[in-house]
Amino acid sequence: MAKDKKVEQITDMDVDFAQWFTDVVTKAELIDYSGVKGFFILRPYAFAIWENIQSVLDGRFKELGHENVSMPVLIPESLLQKEKDHVEGFAPEVAWVTHGGSEELAERMCIRPTSETLFCDHWSHILRSWRDLPMLYNQWCSVLRWEKTTRPFLRHREFLWQEGHTLHATQEEAEQETQQMLNVYADFCEKYLAMPVIKGQKTDKEKFAGAVATYTIECMMHDKKGLQSGTSHYFGDGFARAFDIQFTDKENKLSYPHQTSWGVTTRLIGGIIMTHGDNSGLVLPPKIAPIQVMVIPVAMHKEGVIEKAAELTARLKAAGLRVKNDLGDQSPGWKFAQYEMKGVPLRIEIGPKDIENGQCVAVRRDNGGKTAVALNELEEKIPAILEDVQKGLYEKALKNLQDNTRPAKTLDEVKAVMSEHGGFVKTMWCGDLDCELKMKEDAGVSSRCIPFEQEHIADTCVCCGKPADKMVIWGVAY
RNA sequence: CGGGGUGUGGCGAAGUUUGGUAUCGCGCUUGGUUCGGGACCAAGAGGCCCCGGGUUCGAAUCCCGGCACUCCGACCA
């Protein structure tokens with residue numbers, strides 16, 4: 001027991017998962033609290049993770065033809081009001097600017113909670129012809145939503161994200177874009193963050209305010225709760241009509257374009273923490289870790305150790321890895337614990353005995369496995385171990401998802417599964433809002449999504465017993 | 001927004017019931033010895049006791065009002 005838990009300061013995750021999470025985000029130096037509720041400071045280590053996420057996704061977006069833009073942070077109230085469902089969805093959680101200096105503004109402005117209205121207004125100015133389409137835009141920015149309950153990474157009042165917004169000549173093209181971007185997110189989560197996802201569609205109750213359809217990737221955290229990790233929306237031409245965005249099509253007729261938007265946020269970092277973390281702290285997938293390898297010299301005062309550590313570091317850097325060494329005067333044991341806390345995927349120990357044997361010792365963060373690596377094989381062996389760590393993390397998370405997703409045919413079965421195991425439940429659903437509400441009321445679960453990969457669990461709705469042909473995944477979500 | 005808990009050097013706590021000028025551990029600084037799982041010795045530095053009022057000769061402590069953090073709900077990425 002105790003020997004597994006090397007860091008006493010962290011609350012045991014099986015005792016109190018929420019407290020464990022708070023301990024990790026502060027002790028791994030990811031987050032500091034600002035003086036204002038819901039506004040968090042992303043410290044350099046957290047921001048470096050975000051930059052890695054940005055860099056991969058931004059590259060993908062651009063490969064697919066998207067361009068980055070920068071929209072204003074303020075939205076005039078009249079603009080926000082234009083699309084009815086949208087304003088109803090967001091009005092309760094926007095913050096308002098009412099003064100410029102000491103002068104009261106003629107019209108108050110909200111700090112953007114999302115930028116659909118800004119993009120729409122802009123497009124209504126510039127769109128003329130079918131030759132202008134598609135418009136494939138994205139922006140990296142922060143948005144503000146006045147949430148009641150806030151938690152680091154999972155629910156900020158101000159959070160960093162990217163929001164892609166696109167306009168297309170046809171419904172088919174827009175729907176294809178929506179699917180394409182959902183797939184980009186799913187692929188990124190699985191390949192880079194080692195987080196398996198369930199792709200599917202949101203129910204009407206859960207979809208984005210103003211959307212025709214919302215698609216989502218849902219992940220399962222270590223505590224078996226769900227995390228919506230990315231969304232992609234199809235808007236039809238509703239916003240275009242509300243904002244009077246038109247173009248002249250190939251038949252010389254005025255037409256409304258079809259629209260999409262899609263986004264991921266710094267919540268992904270929360271997902272990484274809660275998917276892979278353990279009782280020693282953070283565990284980062286190698287592909288996204290700011291530091292992939294930490295070289296720790298042992299018995300630094302002995303001749304040649306510091307030089308050897310520097311040499312290994314330089315060689316691994318040259319091999320394309322993100323690697324650092326720690327020549328600080330803390331004891332090796334302190335350093336081991338420190339970088340475990342920070343989730344560095346691989347540690348390399350190099351001391352006098354190793355130098356004598358022409359080797360170093362590589363220690364994996366995910367399972368503690370130690371390997372002696374011959375120094376002349378460094379460039380081949382270390383990347384291979386990192387790949388294995390990446391793979392191992394994904395497989396472990398996939399097992400958690402699969403082992404904790406259970407079928408149910410009746411509401412009583414759902415309740416039994418939830419009280420006994422938690423996790424996700426898959427059931428048939430008739431499509432009625434009343435049944436969805438009853439699931440929440442009686443079993444405490446919300447619909448996560450209607451997965452693209454459907455299974456036939458039963459012939460009838462889990463709730464009302466009427467014929468049903470849709471399978472829904474339910475769970476408790478962050 | 002409803003219900004609970006908390007707020008004391010950087011961190012974690014004691015002190016609050018019963019008012020008398022703040023204590024401990026960790027960390028930090030300097031010097032020395034150490035170094036294969038959070039080393040040791042010595043000497044130092046560091047406090048608007050969350051904020052604002054009030055009671056009192058005197059408030060970390062009692063009273064009133066705020067704010068923040070945290071957990072559980074409802075709302076949401």
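Proteins come first, then strands; the chains are lettered A, B, ... in the order of their sequence lines, and each starts at number 1.
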Please tabulate, for the side chains in residues 52-60 of chain A, all donor-acceptor contacts under 3.5 angstrom to protein atoms that are two or more places apart in sequence or on a different chain.
from	atom 1	to	atom 2	distance (Å)
Asn52(A)	ND2	Ile288(A)	O	3.0
Asp58(A)	OD1	Asn68(A)	ND2	2.9
Asp58(A)	OD1	Trp140(A)	NE1	2.8
Asp58(A)	OD2	Lys62(A)	NZ	2.6
Arg60(A)	NH1	Glu63(A)	OE1	2.7

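- Distances shown here put a side-chain N or O of Tyr33(A) below 4.0 Å from the OP1 or OP2 atom of U70(B).
- Using the six-membered ring where Trp is involved, Phe159(A) and Trp161(A) have ring planes that are perpendicular, over 60° apart on the 30 and 60° scheme.
- Side-chain proximity of Lys148(A) to C35(B), C1(B), C69(B): nearest is C1(B).
- The listed nucleotides are C75(B), G36(B), G37(B); the one nearest the side chain of Val361(A) is G36(B).
- With distances taken from any side-chain atom of Pro332(A) to the nucleotides C35(B), G37(B), C75(B), the minimum falls on C35(B).
- Checked against C69(B), G38(B), G37(B), the side chain of Arg347(A) finds its nearest nucleotide in G37(B).
- Here C69(B) presents its P atom at 15 Å from CD of Gln19(A), a figure rounded to the nearest Å.
- Side-chain N/O atoms of Arg151(A) include one lying less than 4.0 angstrom from OP1 or OP2 on C71(B).
- Glu93(A) comes within 4.0 angstrom of the backbone, heavy atoms only, and of no base.
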Would you tabulate the side-chain donor-acceptor contacts of residues 347-359 of chain A under 3.5 Å, counting partners in other chains and residues two or more places apart, or write 'none'?
from	atom 1	to	atom 2	distance (Å)
Arg347(A)	NE	Glu349(A)	OE2	3.1
Arg347(A)	NH1	Glu340(A)	OE2	3.0
Arg347(A)	NH2	Glu349(A)	OE2	2.9
Asp354(A)	OD1	Gln359(A)	NE2	3.0
Asp354(A)	OD2	Gly351(A)	N	3.0
Asn357(A)	ND2	Lys353(A)	O	3.1

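- Nearest nucleotide to the Gln338(A) side chain, out of U70(B), C35(B), G38(B): G38(B).
- Nearest to the side chain of Pro352(A), among U70(B), G38(B), G36(B), sits G36(B).
- Side chain of His276(A) to main chain of Leu193(A): a donor-acceptor pair is present (N/O by atom type, distance under 3.5 Å, no hydrogens or angles).
- Close to A39(B), at under 4.0 Å from its OP1 or OP2, lies a side-chain N or O of Ser331(A).
- Here C71(B) is the nucleotide among G36(B), C71(B), G37(B) with the atom lying nearest to any side-chain atom of Ala18(A).
- A donor-acceptor contact under 3.5 Å is formed by the side chain of Thr149(A) with the base of G73(B).
- Among the protein residues, Leu154(A) comes within range of the nucleic acid bases, having at least one heavy atom under 4.0 Å from a base atom.
- Put simply, the side chain of Gln330(A) and the base of G27(B) share no donor and acceptor less than 3.5 Å apart.
- For the residue pair Arg112(A) / Thr114(A), no side-chain donor-acceptor distance below 3.5 Å is found, with atom types taken as modelled.
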